[in-house]
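The first residue of the sequence shown is numbered 1, and numbering continues consecutively from there.
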Amino acid sequence: MKEISRRQFIKIFGGATVASSTVLTACKGNNGQSATNGQEPPKDKMTYRVNPNTNEKVSLLGYGMMRLPVVGGGAGRENPDADIDQEMVNKQVDYAIEHGVNYFDTSPAYCQGRSEKATGIALYRHPRDKYFVATKLSNFSPETWSKKASIEMFENSLKELQVEWIDYLLLHAIGGDSRDMDSEETFNARFMDNGVLDWLVEQKKKGRIHNLGFSYHGDVEIFDMLLRWHDEGRYHWDFAQIELNYLDWDWADEINDRNTDASYLYAELEKRGIPAVIMEPLLGGRLANVPDPIVRKMKKQRPEDTVASWAFRYAGTPKGVLTVLSGMTYMEHLRENIGTYAPLEPITKEENDFLMEIAEDIYNLKTIPCNECNYCMPCPYGINIPAIFVHYNKCLKEGNMPDTEKDEKDTEEKKEYRRQRRAFLIGYDRSVPKLRQASHCIQCGQCSPHCPQRIDIPREMRRIDEYVETLKRDA
């Protein structure tokens with residue numbers, strides 16, 4: 001297990017967090033229970049962080065508008081053809097603002113391009129000084145790389161959001177590849193060769209952008225390059241958005257060698273005084289749906305708290321974190337997350353050590369780090385990539401991964417093998433239609449460049465298909 005010293009912990013997470021577990025556990029709601037156990041959270045206890053560039057107080061909980069509710073239930077990403085439930089969006093935004101949330105994060109790419117409009121409708125009903133709106137220049141497609149197309153995207157964001165300025169504007173997903181171009185070539189084509197970044201700097205000078213930053217996915221050399229520009233005074237970054245959670249803190253590059261540990265990303269921002277906006281505190285929901293034995297370990301430590309609240313407390317504890325984003329489709333998620341941050345009970349050194357043990361346990365399961373973001377979709381050959389990964393990870397979590405390499409089994413082992421085999425194969429057919437399963441992947445590789453987790457999707461498809469075929473032969 002990777003260790004963190006007490007001195008390092010204090011430096012990263014702040015001296016105020018180093019306190020007795022007994023004392024902190026006693027910091028509960030009015031009835032002595034944790035605010036994350038389903039009770040109504042307080043309206044006046046939200047934790048805020050100060051943006052050093054503007055001295056504005058930003059709520060530690062940020063509302064990610066990526067998984068908006070749709071008519072008929074569920075989220076837009078799972079039901080792309082369904083209409084966004086604007087009435088529910090309005091209701092949830094009202095509730096969030098009433099309880100102190102003031103940071104709302106969207107993008108032209110979210111909810112099939114409908115998130116900004118829905119967000120704008122909900123927020124416009126409130127005074128402009130009650131919220132900060134963050135959106136992105138999501139010019140992923142080569143068709144949007146021209147200066148004209150990128151400017152049109154920015155202007156359309158203002159229109160859809162019904163605002164005169166963007167509080168937090170991000171270069172979206174820097175460090176990713178595009179088609180046959182490497183990450184640096186892609187970055188230059190999106191922002192540099194066309195003069196778009198310089199144009200955005202001019203908009204900031206005009207007051208149409210208040211904070212200019214970037215969200216990082218991918219090649220760490222691009223991340224380092226942008227920070228080097230910051231050091232040289234070439235460009236000033238007011239904030240940066242990174243993936244941070246207790247699994248990615250030290251295990252991101254172990255899970256996938258194309259990822260970067262959050263401990264490195266955070267430290268590089270912290271030493272420059274650049275505020276960090278956190279995405280994926282739950283790692284696409286994986287840290288709210290951990291294996292049952294791990295749930296029992298966490299419940300033993302804090303019986304009243306949810307598994308998700310551990311992850312949110314961890315992500316919000318580092319002192320350089322400005323806000324932690326959560327895509328909250330359902331009111332109960334919003335209510336619970338507000339409770340976790342109203343106010344924040346920081347992670348202690350002892351709890352940090354415990355979570356590092358939990359991270360190692362999760363890593364050893366060897367799950368596929370898919371966040372179900374659907375950036376890899378649609379597959380031109382109809383494969384349901386996220387659904388395949390979800391089923392695989394679910395079987396790992398539930399212990400339904402039969403060991404195909406163990407030849408000699410006693411009677412009980414054979415019985416358990418048959419049970420696991422049946423559960424895996426039947427569940428696979430129920431979760432993913434046969435024509436959309438991994439066996440139909442032709443290894444074209446069109447999906448991989450779009451994956452924020454840098455998963456080698458064709459390789460994983462081939463591995464899963466070979467595993468499935470082995471199970472079928474063992475009938």
For this session: State whether Glu412 and Lys415 are salt-bridged, where the test is any N-O pair (Lys NZ or Arg NE/NH1/NH2 against Asp/Glu carboxylate O) under 4.0 Å.
Result: no
For this session: Determine yes or no for a side-chain-to-main-chain donor-acceptor pair under 3.5 angstrom, with Asp261 supplying the side chain and Ala252 the backbone.
Result: yes
Exercise. Can we say Glu469 and Lys472 salt-bridge, meaning some charged N sits less than 4.0 Å from an Asp/Glu carboxylate O?
Worked result: yes
Exercise. Do Arg302 and Arg313 have side chains that get closer than 4.5 Å, going by heavy atoms?
Worked result: yes
For this session: Report the C-alpha distance between Tyr63 and Gln92 in whole Å, list the side-chain angles of each, state the deciding distance to 0.1 Å, and finish with yes or no for side chain to side chain donor-acceptor pair (under 3.5 Å).
Result: CA-CA 10 Å; Tyr63 205 137; Gln92 292 177 182; 2.8 Å; yes
Seminar exercise, completed: Taken to the nearest 0.5 Å, the spacing of Arg67 CZ from His333 NE2 works out to 10.5 Å
Exercise. Any idea how Tyr314 and Trp249 line up, ring-wise: parallel (<30°), tilted (30 to 60°), or perpendicular (>60°)?
Worked result: perpendicular
Exercise. Is there a side-chain contact between Cys441 and Asp465, using heavy atoms and a 4.5 Å cut-off?
Worked result: no
Exercise. Quick check: does any side chain N or O of Lys299 sit under 3.5 Å from a backbone N or O of Glu304, one acting as donor and the other as acceptor?
Worked result: no
Exercise. If you count the non-hydrogen atoms of other residues, nucleotides and ligands that lie under 6.0 Å from CD in Glu87, is the total more than 12?
Worked result: no
Exercise. Do the side-chain N and O atoms of Arg422 and Asn400 include a donor-acceptor pair separated by under 3.5 angstrom?
Worked result: no
For this session: Evaluate the side-chain proximity of Glu280 to Arg286: yes if any heavy-atom separation is below 4.5 Å, no if none is.
Result: no
Exercise. Hey, are the side chains of Asn156 and Pro108 touching, using non-hydrogen atoms and a 4.5 Å cut-off?
Worked result: no
Exercise. Judged by atom type as modelled, is there a donor-acceptor pair below 3.5 Å linking the side chain of His99 to the main-chain atoms of Arg335?
Worked result: no
Problem set entry | Side-chain donor/acceptor of Trp237 to backbone N/O of Leu226, under 3.5 Å | yes
Exercise. So, Thr323 side chain and Leu60 main chain: donor-acceptor pair closer than 3.5 Å or not?
Worked result: yes
Exercise. Is it true that Arg296 and Asp292 have a side-chain N and a carboxylate O under 4.0 angstrom from each other?
Worked result: no
For this session: Give a yes or no on whether the backbone of Asp219 and the side-chain of Ser183 come within a donor-acceptor separation of less than 3.5 Å.
Result: no
For this session: For Arg463 and Tyr392, test the side chains for any donor-to-acceptor distance below 3.5 angstrom and give the result as yes or no.
Result: yes
For this session: Can you see which heavy atom on Cys451 is nearest to which on Ile455, and at what distance?
Result: SG-N, 3.4 Å
Problem set entry | Partner of Trp310 by side chain to side chain contact (heavy atoms under 4.5 Å, CB included), out of Ile358, Leu355, Leu287, Thr340 | Leu355
Problem set entry | Residues Gln86, Asn90; criterion side chain to side chain donor-acceptor pair (under 3.5 Å); working and verdict | CA-CA 6 Å; Gln86 188 65 55; Asn90 292 353; 2.8 Å; yes
For this session: Over all heavy atoms of both residues, which pair between Ser150 and Thr144 is shortest? Give the atoms and the distance, please.
Result: OG-O, 2.8 Å
For this session: Report the C-alpha separation of Leu161 and Ile166 in whole Å, then their side-chain angles, then the decisive distance to 0.1 Å, and conclude whether the side-chain contact (heavy atoms from CB on, under 4.5 Å) test is met.
Result: CA-CA 9 Å; Leu161 291 165; Ile166 303 297; 3.9 Å; yes
Exercise. Between the side chain of Arg190 and the main-chain N/O of Asn139, is any donor-acceptor distance below 3.5 Å?
Worked result: yes
For this session: Taking Arg49 for its side chain and Val58 for its backbone only, find out whether a donor-acceptor pair lies under 3.5 Å.
Result: no
Exercise. Stepwise, does the side-chain contact (heavy atoms from CB on, under 4.5 Å) test hold for Gln437 with Ile464?
Worked result: CA-CA 10 Å; Gln437 292 180 0; Ile464 292 173; over 6 Å; no
Exercise. Are side-chain heavy atoms of Tyr266 and Val321 found at a separation under 4.5 Å?
Worked result: yes
Problem set entry | Under 3.5 Å: donor-acceptor pair, side chain of Thr47, backbone of Tyr341 | yes
Exercise. With under 30° as parallel and over 60° as perpendicular, where do the rings of Phe140 and His172 fit, or are they tilted in between?
Worked result: tilted
Problem set entry | Pairing residues for Ser431 by the side-chain contact (heavy atoms from CB on, under 4.5 Å) criterion, not counting sequence neighbours | His391
Problem set entry | Euclidean distance, Met225 CE relative to Leu227 CG, rounded to 0.5 Å | 10.0 Å
For this session: Calculate, to the nearest 0.5 Å, the distance between atoms OH and CD belonging to Tyr381 and Gln443 respectively.
Result: 12.0 Å
Exercise. What heavy-atom pair brings Thr106 and Lys136 nearest, and what distance separates the two atoms?
Worked result: O-NZ, 2.8 Å
Problem set entry | Contact check, side chains of Phe154 and Leu169, non-hydrogen atoms, under 4.5 Å | yes
Exercise. For the residue pair Ala134 and Leu170, what are the closest heavy atoms and their distance?
Worked result: CB-CD1, 4.3 Å
Problem set entry | Whether Glu185 side chain and Asp182 backbone form a donor-acceptor pair below 3.5 Å | yes
Exercise. In Å and rounded to the nearest 0.5 Å, what is the CE to NZ distance from Met331 to Lys91?
Worked result: 5.0 Å
For this session: Check ring-ring contact (aromatic ring centres under 6.0 Å, His included) between His450 and all other residues, then give those that pass, not counting sequence neighbours.
Result: none
Exercise. Rounded to the nearest 0.5 Å, what separation is found between the CG atom of Asp248 and the CD atom of Glu254?
Worked result: 12.0 Å
For this session: Could you tell me whether the side chain of Pro386 reaches within less than 4.5 Å of the side chain of Cys376, counting heavy atoms only?
Result: yes
For this session: Find out whether Val89 and Asp85 are in side-chain contact, i.e. whether some heavy atom of one side chain is under 4.5 Å from a heavy atom of the other.
Result: no
For this session: Using a cut-off of 6.0 Å, state whether more than 12 heavy atoms not belonging to Gln420 lie near its atom CD.
Result: yes
Exercise. If you draw a 6.0 Å radius around NZ in Lys297, do more than 12 non-hydrogen atoms from other residues or ligands fall strictly inside?
Worked result: yes
For this session: Drop me the distance from Leu282's CG to Leu247's CG, to the nearest 0.5 angstrom.
Result: 12.0 Å
Exercise. Tyr428 vs Phe424 aromatic rings, parallel, tilted or perpendicular, using cut-offs 30° and 60°?
Worked result: tilted
Exercise. What's the verdict on side-chain contact (heavy atoms from CB on, under 4.5 Å) for Ile362 and Tyr246, showing C-alpha distance, side-chain angles and the deciding distance?
Worked result: CA-CA 10 Å; Ile362 295 173; Tyr246 64 80; 4.1 Å; yes
Exercise. Which pair of non-hydrogen atoms, one from Tyr131 and one from Asp167, has the smallest distance, and what is that distance?
Worked result: O-OD2, 4.0 Å
For this session: Only counting residues at least two apart or in another chain, list the ones meeting side-chain contact (heavy atoms from CB on, under 4.5 Å) with Lys394.
Result: Glu398
Exercise. Would Asp250 and Tyr363 count as having a side-chain donor-acceptor pair, cut-off 3.5 Å?
Worked result: no
Problem set entry | CA sep, side-chain torsions, deciding dist, call: Ile97, Leu123, side-chain contact (heavy atoms from CB on, under 4.5 Å) | CA-CA 9 Å; Ile97 290 177; Leu123 290 177; 4.2 Å; yes
Exercise. Is it the case that Tyr110 and Thr119 place a side-chain donor and acceptor less than 3.5 Å from each other?
Worked result: no
Problem set entry | Considering all heavy atoms, the nearest Leu244-Ala315 contact | CD2-CA, 3.9 Å
